[in-house]
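Bear in mind that the values here come from a model prediction, so they are computed numbers and not experimental data. Chain letters run A, B, ... following the sequence lines, proteins first and then strands; every chain starts at 1.
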2 protein chains.
Amino acid sequence: MQTDEIIRMMSAQGLRITDQRKTLAKLFADTPGYQSPKDVYDYMGRSYAGLSFDTVYRNLRVLDELGVLEQVVFEDGVKFKLHCRGHDHHHHMICLQCGKTYPISYCPMDQTEVPDDFKVVKHKFEVFGYCKACSLEEESRA
Amino acid sequence: MQTDEIIRMMSAQGLRITDQRKTLAKLFADTPGYQSPKDVYDYMGRSYAGLSFDTVYRNLRVLDELGVLEQVVFEDGVKFKLHCRGHDHHHHMICLQCGKTYPISYCPMDQTEVPDDFKVVKHKFEVFGYCKACSLEEESRA
DNA sequence: GTGTATGCAAAACATTTGCAGGATG
DNA sequence: CATCCTGCAAATGTTTTGCATACAC
């Protein structure tokens, strides 16, 4: 997704387009993987000397609520990426090194036998590992 | 699993059996679902007036490292339960209300097509919802 | 007795909130 | 020019650490 497309979405939702939000849009347009609040803060901090952490948190939360971003909880904390829109329901393979994600179209819920008396609300299926680039890097380090 | 069986495991690993750890063992022997550190603190606090939070955290961490407990990260924080031992690889249905878990023997990795260049390390498959008891309760509240 | 576990206090983080000034539409 | 957004500071919540005392072995 393009930076200005994201900005248009924010604008359409009634948000004001500040320089900070433009930078935020560019970050998520340019990076395919999950970003921690700290990653975002570091990236934005390069453009804004006086950036504060609460601005980062506030915007991440707002954009998550508006459905522009999606939030996922990992072992090492909360992370964000662009919300996958316009696609069918799917899951992800996630690189433990670079955070990049790859779609898995297969959904295990079809095959899962759920007892009648259990009311399913949601499910989570995630595969973790190392993508090609990061595997090679690790090999060369070893 | 029985309380004294857990205590025996702790003892076998070289841990000293304090009253706090006995209580901890009883808690996890008696409760089938996931417990947050706060749940554990509240439960143990009933027996020990001067209980401190760091004792809870320390013991949960130690028992997780020894493989007695297992730690899972949920949206609303870290939780613990007895490690499923002696069983084959499996996944869980988890009740969002009471935290009780039910095993799912089916593993989606068999059906998942993973590209050759992605090195899989681990995976997570969890189904969330409401168990029979909690569903009924919710209905009667509505 | 020796060494580990505990409780206390304080530190280290992560995240949220109140408020005044500044920028956006 | 009204309102939303930001930055600062401080509050809040969670988890960790250092240290002296107490307890298990």
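B:Phe74 contributes atom CZ, which lies 8.5 Å from atom NZ of A:Lys124 (distance to the nearest 0.5 angstrom).
The shortest distance between the side-chain N/O atoms of A:Tyr57 and the OP1/OP2 oxygens of C:dT15 is below 4.0 Å. At the phosphate of C:dG7, OP1 or OP2 sits under 4.0 Å from a side-chain N or O atom of B:Gln20. Checking the phosphate oxygens (OP1, OP2) of D:dC8, no side-chain nitrogen or oxygen of A:Ser52 falls inside 4.0 Å.
As rounded to whole Å, 14 Å separates atom P of C:dA14 from atom CZ of A:Phe80. Taking atom CZ on A:Phe53 and atom C1' on D:dA10, their separation rounds to 17 Å, with Å as the unit. Separating the CZ atom of A:Arg61 from the P atom of C:dA14 is a distance of 17 Å, rounded to the nearest angstrom. For the pair B:Glu65 CD and D:dT15 C1', the computed distance is 14 Å after rounding to whole Å. The distance from atom NZ of A:Lys22 to atom P of D:dC5 is 15 Å, rounded to the nearest whole Å. The interatomic distance linking B:Phe74 (CZ) with D:dT14 (P) rounds to 17 Å, in whole Å. At whole-Å resolution of the value, CD in A:Glu75 and C1' in C:dA14 are 17 Å apart. In this structure, B:Arg21 places its CZ atom 11 Å from P of C:dT4, rounding to the nearest Å.
Taking each heavy atom of A:Met44 and A:Gln20 in turn, the nearest pair found is CE-O, 3.5 Å. Contact between B:Pro37 and B:Leu60 at its shortest, heavy atoms only, is CA-CD1, 4.0 Å. Of all heavy-atom pairs between A:Pro32 and A:Thr101, the closest is O-OG1, 4.3 Å.
In this structure, the helix from C:dG1-D:dC25 to C:dG25-D:dC1 shows an angle of 40° between the axis at its start and the axis at its end, each fitted on 5 base pairs and rounded to 10°.
In the hydrophobic clustering of this structure, B:Tyr48 groups with B:Ile17; members are Ile, Leu, Val, Met, Phe, Trp, Tyr whose side-chain heavy atoms approach within less than 4.5 Å, directly or through other members. Under the 4.5 Å side-chain heavy-atom criterion for Ile, Leu, Val, Met, Phe, Trp and Tyr, B:Met9 and B:Val40 are members of the same hydrophobic cluster. By the rule that hydrophobic residues join a cluster once side-chain heavy atoms approach within less than 4.5 Å of another member, A:Tyr57 and A:Phe80 end up as members of one cluster.
Between A:Tyr48 and B:Lys38, the residue anchored closer to the 5' end of DNA chain D is A:Tyr48, taking for each the nucleotide with the nearest heavy atom.
A salt bridge links A:Asp42 to A:Lys38: one of the charged nitrogens lies within less than 4.0 Å of a carboxylate oxygen. A salt bridge links B:Asp19 with B:Lys22; the closest basic N to acidic carboxylate O contact falls under 4.0 Å.
Between B:Phe53 and B:Tyr41, the ring planes lie parallel to each other; the angle is under 30°, not in the 30° to 60° tilted range.
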* **Under 4.0 Å protein heavy-atom contact, by nucleotide of nucleotides 18-25 of chain D - B base, S sugar-phosphate only** => B-----BS

* To do: For B:Phe125 and B:Met109, run side chain to side chain contact (heavy atoms under 4.5 Å, CB included): C-alpha distance rounded to whole Å, both residues' side-chain angles, the deciding distance at 0.1 Å, then the answer.
  => CA-CA 9 Å; B:Phe125 174 44; B:Met109 288 311 287; over 6 Å; no

* To do: Would you check, one step at a time, whether the test side chain to side chain contact (heavy atoms under 4.5 Å, CB included) holds for A:Phe128 with A:Glu75?
  => CA-CA 12 Å; A:Phe128 297 92; A:Glu75 323 267 308; over 6 Å; no

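Using a 4.0 Å cut-off on heavy atoms, none of the residues of residues 40-47 of chain B approach DNA chain C.
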